[in-house]
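For reference, the structure is listed below as structure tokens.
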2 protein chains.
Amino acid sequence: MNKRDFKDKVYGALSRVTKALSNPHRLEIIDLLAQGPFSVEEIANNTGMSVANASQHLQTLKQARLVRITRNGNFIHYSLAGENVFHAWAALRELGMEYNTDVEKVVTDFRKGHGEIAAVDASALARMLEKNEVILLDVRPEEEYRRGHIHRAISAPVEKLQEQLKHLSKDKMIVAYCRGPFCVYADEAVALLKKKGFHAMRMNEGYPDWALRGLPIEHTTM
Amino acid sequence: MNKRDFKDKVYGALSRVTKALSNPHRLEIIDLLAQGPFSVEEIANNTGMSVANASQHLQTLKQARLVRITRNGNFIHYSLAGENVFHAWAALRELGMEYNTDVEKVVTDFRKGHGEIAAVDASALARMLEKNEVILLDVRPEEEYRRGHIHRAISAPVEKLQEQLKHLSKDKMIVAYCRGPFCVYADEAVALLKKKGFHAMRMNEGYPDWALRGLPIEHTTM
DNA sequence: AAACAATTCAACAGACTCATTGAATAGTTT
DNA sequence: AAACTATTCAATGAGTCTGTTGAATTGTTT
């Protein structure tokens, strides 16, 4: 094998991976699967795709070895093939946020549209938690909280948040987090909390980012 | 702006970046540009593309803000838009190497074809260098060595290596490194050295990986 | 084994992507 | 300003990617 053949093969094989990542729906699926395993139907519902379309994209991701499946009764659950997949996704996300003005602009515009939502990053939140300065809300669906969540976080899925308001203090800062920087549950939660007179902000990163950094979590061993 | 619009915009913007990465030639260009700035013609020569074709791909990369240009006399030099681009490329490389059997197989097959070339990784090499156990050769073109190289490395471009053999000891281990894990200069150098009776191996990573980890380097400040 | 639910397949049309060619542009040197 | 060089543009045809539809498959429960 000569030099050129070798390079063609290597970069060709790698481009098969990046091709699999080169579609907005598939990126959204990966972002979702960072939370844990989901069935095709759940994925379709969470992303607004048809089931057939979601399945097709999942096949593409599976062929590129970015996701793997586990059977569970009638359902097939898809999850990321490994930690490296989230790593690569996080790196691409950073890349988009830092150099691609579009991405950052869309995100900040959206947050302004919801009333100047303030945000902290993971390390700042970690310090605040240590000093016991904040109440931390996990506003993802309960199932995802159950799979794993930040140490000391309270489950408060955004649809049920309204009912839980009476248990919250208006004197303490409340921080909400969800799936990741593109997840809007935390924005919705903070908007509601502020409207009701609480002090609230969101954490920019999501649970997977927190866990990857080795910050304190609680999770069920499965 | 509603939730769905927001997500479509975010993942759409990000997919424009990943689309730019979803082509073997463009990946090869990024891997090359990790060494520093190159003109279109140099890029074309290094990758076996036509100049027009290379230019077209460079436009794509520029639009995705993955590369930027600097004028220099008659030439336009392209370089990576920032450290994050190399980060993302490294993450994708890892992903390919770990989960995509193809990539790893191609690489190991190629090295076997060249006579079982042994390799060390960056941290092992760093330890060996500290103990002064090895001679380190930078076998990239001299220009790239001049831009920056590993502390204590000797420049020995693979085409000129033959002439430098007489200055090398047959008693000490010789380690060669080049641009990165897919660069074959180090393999060629090690094959030659072993044929001539030297003890030699390659470092898996390249100069940019070494520098990114903050290991000791020497470089001209420009 | 039949009924059922979840998932995948097949096929289509429309939109993109690629390499190649030769011509056009922009900037530099004479 | 003319000649020159490096780079980009525009147009083409072959190939690939997408979403949609409805039918087929696979595995589970009755």
Side-chain angles (χ1 to χ4, degrees), chain A residues 4-5 7-8 11-30 32-33 37-79 143, chain B residues 4 7-9 11-30 32-33 37-79 143:
Chain A
R4 192 66 250 157
D5 284 352
K7 291 202 167 178
D8 287 348
Y11 294 111
L14 277 172
S15 81
R16 257 165 264 138
V17 177
T18 50
K19 271 212 177 70
L21 291 171
S22 73
N23 172 287
H25 290 314
R26 290 198 288 270
L27 290 180
E28 187 170 2
I29 290 176
I30 288 182
L32 177 61
L33 293 186
F38 290 87
S39 70
V40 177
E41 202 182 353
E42 289 170 320
I43 292 167
N45 290 341
N46 266 287
T47 59
M49 284 187 257
S50 73
V51 169
N53 200 3
S55 170
Q56 193 168 278
H57 285 301
L58 285 164
Q59 293 312 305
T60 307
L61 291 170
K62 201 173 77 177
Q63 272 181 22
R65 294 174 196 261
L66 293 170
V67 307
R68 56 185 168 66
I69 63 174
T70 49
R71 282 210 98 94
N72 198 341
N74 235 337
F75 292 87
I76 290 178
H77 287 265
Y78 287 83
S79 41
E143 167 63 17
Chain B
R4 192 65 251 158
K7 291 202 168 181
D8 287 347
K9 277 192 190 163
Y11 293 111
L14 277 173
S15 81
R16 258 166 264 138
V17 177
T18 51
K19 271 211 177 69
L21 291 170
S22 73
N23 172 285
H25 290 313
R26 290 198 288 270
L27 291 179
E28 188 171 0
I29 290 176
I30 288 181
L32 177 61
L33 293 186
F38 290 87
S39 70
V40 177
E41 201 182 355
E42 290 171 319
I43 293 169
N45 290 340
N46 266 286
T47 58
M49 284 188 259
S50 74
V51 169
N53 199 3
S55 171
Q56 191 170 279
H57 285 302
L58 285 164
Q59 293 311 305
T60 307
L61 290 171
K62 200 173 77 178
Q63 273 182 21
R65 295 173 196 261
L66 293 170
V67 306
R68 56 185 168 67
I69 64 174
T70 48
R71 281 209 99 95
N72 197 340
N74 236 336
F75 292 87
I76 291 177
H77 287 264
Y78 286 85
S79 41
E143 166 63 18

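Letters A, B, ... are given to chains in the order of the sequence lines, protein chains preceding strands, and every chain is numbered from 1. What you see is a predicted model, and the numbers here were worked out from it, not measured in a lab.
Going from atom CG of A:N53 over to atom P of D:dC17 covers 15 Å, rounded to whole Å. Taking atom CE of A:M49 as the reference point, atom C1' of D:dG19 lies 11 Å away to the nearest angstrom. Following rounding to the nearest Å, A:L21 (CG) and D:dC17 (P) show an atom-to-atom distance of 14 Å. For the pair A:H25 NE2 and D:dT18 P, the computed distance is 9 Å after rounding to whole Å. Atoms CG (B:L27) and P (C:dC18) sit 11 Å apart, rounded to a whole Å.
Rounded to 10 degrees, the angle between the two end axes of the helix from C:dA1-D:dT30 to C:dT30-D:dA1 is 30°, with five pairs used at each end.
In this structure, the separation between OG1 on A:T70 and OH on A:Y78 is 10.0 Å, given to the nearest 0.5 Å. Between B:Y11 atom OH and B:R16 atom CZ the span is 14.5 Å, to the nearest 0.5 Å. For the atom pair CG (A:L66) and CG (A:L58), the distance works out to 11.0 Å, reported to the nearest 0.5 Å.
Remark: the backbone N or O of B:E42 is paired with a side-chain donor or acceptor of B:S39 at under 3.5 angstrom. Remark: side-chain polar atoms of A:N23 are paired, donor with acceptor, to backbone N or O of A:R26 under 3.5 angstrom.
Under the 4.5 Å side-chain criterion, counting only non-hydrogen atoms from C-beta, A:I29 is in contact with A:M49.
By the 4.0 Å N-to-carboxylate-O rule, A:R4 lies close enough to B:E28 to be salt-bridged with it.
In this structure, A:L21 and A:L27 approach most closely via the heavy-atom pair O-CD2, 3.2 Å.
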Reading nucleotides 1-17 of chain C from 5' to 3' and marking B where a protein heavy atom lies under 4.0 Å of the base, S where only the sugar-phosphate is that close, and - otherwise, the string is -----SSBB-------S
